[in-house]
Visitor: 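First, the structure itself, so that you have it in front of you.
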Protein chains: 2
Amino acid sequence: MALEHAILVSLTERAGSGYELAHRFDRSIGFFWPATHQQIYRVLRRMDEAGWVTHTEVAQEGRPDKKVYQVSATGRDELARWLAEPVDPAVLRDGLAVKIRGASLGDTAAVLREVVRHRGEHAALLEVYRGIQRRDFPKPAKLSGRELHQYLVLRGGIRAEESFLAWCDEVIEALRSEQS
Amino acid sequence: MALEHAILVSLTERAGSGYELAHRFDRSIGFFWPATHQQIYRVLRRMDEAGWVTHTEVAQEGRPDKKVYQVSATGRDELARWLAEPVDPAVLRDGLAVKIRGASLGDTAAVLREVVRHRGEHAALLEVYRGIQRRDFPKPAKLSGRELHQYLVLRGGIRAEESFLAWCDEVIEALRSEQS
DNA sequence: TCTAGCTATGCAACTCGTTGCACTGCACCT
DNA sequence: AGGTGCAGTGCAACGAGTTGCATAGCTAGA
């Protein structure tokens, strides 16, 4: 549904190959719309056939040739059309929540350890986000246009992680005092 | 991967038919692990073949017969096994974030309207969560066991929605002042 | 009376996303 | 000399999830 559009957004900012896009997805837009290289290659081909992007084969020395994609006028129209259309709300699908809900049907201590582990992973992700914020947006008050919008999305990630961490702490405390 | 286990958790709490489960999913566990009736029917059949659940056909008057499923010993073992095993972290996939990031490539005002609309939907969901909290968990300090765990998961939903709303407000304010 | 909605289950076809693998050549480490 | 990792594209198979439809009788409202 919308991987196409996430790619259009990313390619409009800068042209690139499938491989390169896959890496961009790992570091920025993919925090909010994850995709593997396989998916990206397949969708790029479809978009190419639909005329939303065009590609140029670029020969390289010492490494494989690549196809650099860029957004066509049709692609820009499609992106504008999509931007004006309503989006479905994001759905959560959280296995950890299911586990917590079922904790008393198994080893509660193991579930608690899982919560602690997830807390750690999310804390690390939050640090990544904060690093990006410090590096790329040191003065948020002065932002506008594309940079402002990138910053706002990052803020969403930061807020989501902060709230997840706070939740983990609440859960950890409650499960610990229940056990003792 | 884990719909099976979400169903096991729900069925352990109370036996039920596929139809009934689908409704439970719409109102409780499905907030964190959404599923359609189709998926539930298919997975229930698979679980039945695997021996994790058993079913009893119940004839009814004035309405179709139903199959009431309940968790078998094997199913309880499987659930305990899964509870002790690590879960993958939840992935976000948020079309709204992609839109905000691409806002300057289309109609920013339309994107802003979308953010406002999502804010409304999430505010409504938050009210649903708070209603459940008031009704089912008026005295959270006294909870333990299954009820405590249900409460904690609900807390996660409340926190996530609160933080989403705060983000929407930040985005709305920033986009509005950018436009004027 | 006609329409709509609830209860109840299920098939078929489809899209979306994941996983494992394949091929090439270079660079770097041990 | 051998393993690992990067750059680059891609196929094939699978699993998960969605959508549309079918069937059937009951109930409640316009």
Side-chain angles (χ1 to χ4, degrees), chain A residues 1-7 11 15-27 29-50 53 55-69 82 87-95 98, chain B residues 1-7 11 15-27 29-50 53 55-69 82 87-95 98:
Chain A
M1 275 289 98
L3 178 55
E4 280 86 338
H5 302 103
I7 290 177
L11 276 186
S17 68
Y19 186 85
E20 220 181 303
L21 268 172
H23 282 263
R24 271 190 235 172
F25 266 70
D26 285 345
R27 272 179 282 101
I29 204 163
F31 290 135
F32 309 95
W33 203 275
T36 60
H37 76 276
Q38 273 310 325
Q39 242 188 107
I40 290 170
Y41 282 126
R42 236 182 318 144
V43 170
L44 273 174
R45 163 171 309 213
R46 206 157 63 205
M47 291 167 76
D48 202 347
E49 281 161 17
V53 294
H55 72 269
T56 323
E57 304 243 1
V58 176
Q60 298 184 113
E61 282 173 44
R63 42 183 75 172
D65 298 356
K66 64 180 177 182
K67 295 182 188 169
V68 174
Y69 289 89
W82 176 74
V87 225
D88 290 334
V91 271
L92 263 147
R93 193 171 245 117
D94 190 349
V98 178
Chain B
M1 275 285 99
L3 178 54
E4 280 87 338
H5 302 102
I7 290 177
L11 276 187
S17 67
Y19 185 86
E20 220 181 303
L21 267 172
H23 282 263
R24 273 190 231 172
F25 266 69
D26 285 345
R27 272 179 282 97
I29 203 163
F31 290 135
F32 308 96
W33 203 276
T36 60
H37 76 275
Q38 273 309 325
Q39 245 187 106
I40 290 170
Y41 282 125
R42 233 178 322 137
V43 170
L44 273 175
R45 165 171 306 213
R46 206 157 62 207
M47 291 167 74
D48 202 349
E49 281 161 16
V53 295
H55 72 267
T56 324
E57 305 242 3
V58 176
Q60 298 184 111
E61 280 173 48
R63 42 184 76 175
D65 298 356
K66 63 180 177 181
K67 295 182 188 169
V68 174
Y69 289 89
W82 175 75
V87 224
D88 290 336
V91 272
L92 264 146
R93 194 170 245 120
D94 189 350
V98 177

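As the structure is a computational prediction, the values presented were derived from the model and not from experiment. Letters A, B, ... mirror the listed sequences (proteins, then strands); counts begin at 1.
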Visitor: Looking only at side-chain atoms of Tyr41(B), point me to the closest of dA8(C), dA7(D), dC11(C).
Guide: dA8(C)

Visitor: Ignoring hydrogens, what is the shortest heavy-atom contact between Glu4(A) and Val43(A)? Give both atom names and the distance.
Guide: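 Distance-wise, the nearest heavy atoms are CG-CG1, 3.8 Å.
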
Visitor: Rounded to whole angstroms, how far apart are CD on Glu49(B) and C1' on dG10(C)?
Guide: 14 Å

Visitor: By side-chain contact (heavy atoms from CB on, under 4.5 Å), which residues pair with Lys67(A), not counting sequence neighbours?
Guide: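 Result, side-chain contact (heavy atoms from CB on, under 4.5 Å) vs Lys67(A): His55(A), Glu57(A), Tyr69(A).
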
Visitor: The criterion is ring pair (Phe, Tyr, Trp, His ring centres under 6.0 Å); which residues satisfy it with Phe32(B), sequence neighbours excluded?
Guide: none

Visitor: Taking the side chain of Arg93(B) as its heavy atoms from C-beta onward, which of dG17(C), dT9(C), dT9(D) lies nearest to it?
Guide: dG17(C)

Visitor: Expressed in angstrom and rounded to an integer, what is the separation of Lys66(A) atom NZ from dC23(C) atom P?
Guide: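 About 25 Å, once rounded to whole Å.
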
Visitor: Ignoring the backbone of Gln39(B), work out which of dT7(C), dG17(D), dA8(C) is nearest its side chain.
Guide: dG17(D)

Visitor: Quick one: are Arg46(B) and Arg42(B) in side-chain contact, heavy atoms under 4.5 Å?
Guide: no

Visitor: Between Arg24(A) (CZ) and dG8(D) (P), how many Å, whole number?
Guide: 12 Å

Visitor: Between protein and nucleotides 19-24 of chain D, what N or O pairs are separated by less than 3.5 Å?
Guide:
unit_1: dG20(D); atom_1: O6; unit_2: Gln38(B); atom_2: NE2; d: 3.4

Visitor: Which atom names give the shortest non-hydrogen contact between Glu20(B) and Gly16(B), and what distance separates them?
Guide: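 Heavy atoms only, the tightest pair is OE1-CA, 3.8 Å.
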
Visitor: Please report, rounded to the nearest Å, how far the C1' atom of dG8(D) is from the NZ atom of Lys67(A).
Guide: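 The distance from NZ of Lys67(A) to C1' of dG8(D) comes to 11 Å, rounded to the nearest Å.
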
Visitor: Contact between Leu11(B) and Leu44(B) at the side-chain level, heavy atoms closer than 4.5 Å - yes or no?
Guide: yes

Visitor: State which residues pass side chain to side chain donor-acceptor pair (under 3.5 Å) with Arg93(B); sequence neighbours excluded, sorted by chain then number.
Guide: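 Not a single residue meets the side chain to side chain donor-acceptor pair (under 3.5 Å) criterion with Arg93(B).
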
Visitor: Please round to 10 degrees the angle between the axis of the first five pairs and the axis of the last five pairs in the helix from dT1(C)-dA30(D) to dT30(C)-dA1(D).
Guide: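 End-to-end axis angle: 30°.
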
Visitor: Report the relative orientation of the aromatic rings in His23(A) and Tyr19(A); use parallel for angles under 30°, tilted for 30 to 60°, perpendicular for over 60°.
Guide: tilted

Visitor: Counting C-beta onward and ignoring hydrogens, is there a side-chain heavy-atom pair between Leu3(B) and Trp33(B) closer than 4.5 Å?
Guide: yes

Visitor: What's the CG-C1' distance between Leu3(B) and dG15(D), to the nearest Å?
Guide: 13 Å

Visitor: Output the rounded distance in Å from CD (Glu61(A)) to C1' (dA27(C)).
Guide: 16 Å

Visitor: Atom CZ of Phe25(A) to atom P of dT18(C): distance rounded to whole Å?
Guide: 12 Å

Visitor: Taking all non-hydrogen atoms of both residues, which atom of His37(A) and which atom of Ala22(A) are closest, and how far apart?
Guide: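 That closest heavy-atom pairing would be CB-CB, 3.8 Å.
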
Visitor: Does dC16(C) have OP1 or OP2 sitting under 4.0 Å from an N or O in the side chain of Arg46(A)?
Guide: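 Affirmative; the distance criterion is met.
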
Visitor: Where is the tightest heavy-atom contact between Gly18(B) and Ile40(B), given as atom of each residue plus distance?
Guide: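 What the structure gives for the nearest pair is O-CG2, 4.0 Å.
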
Visitor: Produce the list of close N/O pairs, under 3.5 Å, pairing protein atoms with atoms of nucleotides 3-6 of chain C; give distances to one decimal.
Guide:
none

Visitor: Can you check whether Ser17(B) has a side-chain N or O nearer than 4.0 Å to OP1 or OP2 of dT7(C)?
Guide: no

Visitor: Grab the two heavy atoms, one from Ile29(A) and one from Ala6(A), that are nearest each other, plus how far apart they are.
Guide: CD1-O, 3.7 Å

Visitor: In this structure, how many angstroms lie between the C1' atom of dC6(D) and the CG atom of Asp65(A), rounded?
Guide: 16 Å

Visitor: When you match Arg63(B) and Tyr69(B) each to their closest nucleotide on DNA chain C, which lands nearer the 5' end?
Guide: Arg63(B)

